[in-house]
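Remarks on the structure that follows.
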There are 2 protein chains.
Amino acid sequence: MPPATPRSLAPRKRPRQARAAVTLDAVFEATIQVLLTVGPHRLTTTRVAERAGVSVGTMYQYFAHKQALIYALNERYLEVLAEKIEIACHAQHGMPAQQMVEALIECYWQAKTERADVTRALYRSVAELDNEALIEAFAARADAATTAMLASAPDLDTQKLESITRTLLTVIFGTVRNAFERNLDEAAARELRGHLAVMCGALLDSRSGPLA
Amino acid sequence: MPPATPRSLAPRKRPRQARAAVTLDAVFEATIQVLLTVGPHRLTTTRVAERAGVSVGTMYQYFAHKQALIYALNERYLEVLAEKIEIACHAQHGMPAQQMVEALIECYWQAKTERADVTRALYRSVAELDNEALIEAFAARADAATTAMLASAPDLDTQKLESITRTLLTVIFGTVRNAFERNLDEAAARELRGHLAVMCGALLDSRSGPLA
DNA sequence: CTAGAATATGAAGGATTGTTCAGTTTGAGG
DNA sequence: CCTCAAACTGAACAATCCTTCATATTCTAG
């Protein structure tokens, strides 16, 4: 497996002192804020530095270019997200399948809604860069965690599990993303989640039904 | 209802002669090609003009700025897509509900897959602009067509139809989009579509089941 | 306390790019 | 054929922005 991050996008160096870590946090947060306030195509290294209370030169000590910054931001975000999913999946080991998918939906939805504006900003920022590696790595982790979870369900046959997992995740992730593009109010969002749970449950049942 | 296109993004003038229409087509196609070859953030007015075999000045007679060009491109694309959906929905009037959703999925998938690279390029290009109005207008048309179709199904109770329609479209559109971000091979894609049909069917059945 | 490493600075350079406009060419109608 | 409007041209301008580097500051280890 090649390194997850391409050479050209990798950070120049890692912070060794405490203040450097603080600086980096400030830069990331500033990037989000700039993304939110002026949009992706007016995101400027100077603007980010200004907002972070840092000099441009400082940023360029950690990131070789603007893309690398945005890449790192998304990488960081997906890292947190993947971890959340893994934890949620692990917590459901041995539970009934329906509860599993509901927990999965809830976890993903929750993670995305916590800071909805940030989610939106990041969704837009990704278009600027070559995110294949990023997405693939994330998908692999989510796939693995979900498959492991489902395999432990007592009420599920373990055949075709990979295929079902892939569908589940594609549907859930895609639906949530699309829900963010339309601006659903609280009620509509709740309904959507309910429907989604029903639909996912049906997919899990689809084998056991006709076979009985 | 306000005009679908905001003033600042509207085209400057419409072509009145035949050659102007040809020029516009060339410009749109060139925009797609540039989007494909160099990506959204290196899309340059000069580059587009060059590729289209046209002068930059010509482009600026029709579009007030770069954003307006990209906006118009997406508008044109969504117009075609909405029409396809409306036709597909109309063709299913009076049919069983399950067949309806399958036709809907097939239509959307087909439309997106026809020129997969273009689809991907457009998905990315939208991030550059304020697409709320665009998406809302498209969603409204798709919603209307789908609701009308489902209302004509003999095997469906017409309660909660709007809510169900919204879910169906959010799930289908979102899933397809996400499927494009992962690079699914033909087999996986076929499976996904099958699963999606099952899941959508389950949503339609979810009321009639427990009530029987 | 000191030396060297890590971190931070920000003005300046260089390159790109969006947009205009004065002028030319092409087409349509009479 | 003539005239006017539509369509097209592309060099030039102005603005923005990414990135560097020589220098200054701060921290840490010995």
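Per chain, numbering begins at 1; letters A, B, ... match sequence-line order.
- A/Glu83 and A/Arg76 are not joined by a salt bridge, as no carboxylate oxygen comes within less than 4.0 angstrom of a charged side-chain nitrogen.
- Using a 4.0 Å heavy-atom criterion, one finds that A/Leu69 contacts no nucleic acid atom at all.
- Within the nucleic acid shown, B/Thr44 comes within 4.0 Å of sugar-phosphate atoms alone, with no base atom in reach, counting heavy atoms only.
- Across the interface with DNA chain D, nearest-nucleotide mapping of A/Gln61 and B/Met59 shows B/Met59 to be the residue nearer the 5′ end.
- Residue A/Pro15 is the one, among A/Pro15 and B/Arg19, whose nearest nucleotide of DNA chain C lies closer to the 5' end (criterion: closest heavy atom).
- Contact annotation: B/Tyr60 side-chain N/O to D/dC8 OP1/OP2 distance is not under 4.0 Å.
- Checking A/His41 against A/Glu128 by side-chain atom types alone, no donor-acceptor pair falls below 3.5 Å.
- As judged by a 4.0 angstrom heavy-atom cut-off over every strand, B/Phe63 is placed among residues making no nucleic acid contact.
- In B/His93, the NE2 atom is crowded: over 12 heavy atoms of neighbouring residues, nucleotides or ligands sit closer than 6.0 Å.
- Judged by closest nucleotide on DNA chain D, B/Gly57 is the one of B/Gly57 and A/Arg47 placed further toward the 5' end.
- Nearer to the 5' terminus of DNA chain C, by closest-nucleotide assignment, is the contact made by A/Tyr62 (compared with the other of A/Tyr62 and B/His41).
- The only member of A/Ile70, A/Thr45, A/Leu24 that meets side-chain contact (heavy atoms from CB on, under 4.5 Å) when paired with A/Phe63 is A/Leu24.
- Using a 4.0 Å heavy-atom cutoff across all strands shown, B/Leu24 reaches no nucleic acid atom at all.
- Bounding nucleotides for the chain A contact on DNA chain C, 5' to 3', at a heavy-atom distance below 4.0 Å, are C/dA6 to C/dG10.
- Note on A/Thr46: every side-chain N or O is 4.0 Å or more away from OP1 and OP2 of D/dT16.
- Following rounding to the nearest Å, B/Gln17 (CD) and D/dC4 (P) show an atom-to-atom distance of 16 Å.
- Atom NE2 of B/His65 is separated from atom C1' of D/dT16 by 17 Å (rounded to the nearest Å).
- We find that NZ of B/Lys66 is positioned 15 Å from P of D/dT16, with the value rounded to whole Å.
- In the model, B/Thr146 has no side-chain atom that pairs as donor or acceptor with a side-chain atom of B/Thr165 under 3.5 Å.
- For A/Glu191 and B/Arg166, the salt-bridge test passes: some basic side-chain N is under 4.0 Å from an acidic carboxylate O.
- Remark: the B/Gln99 side chain and the B/Gln92 side chain contain an N/O donor-acceptor pair separated by less than 3.5 Å.
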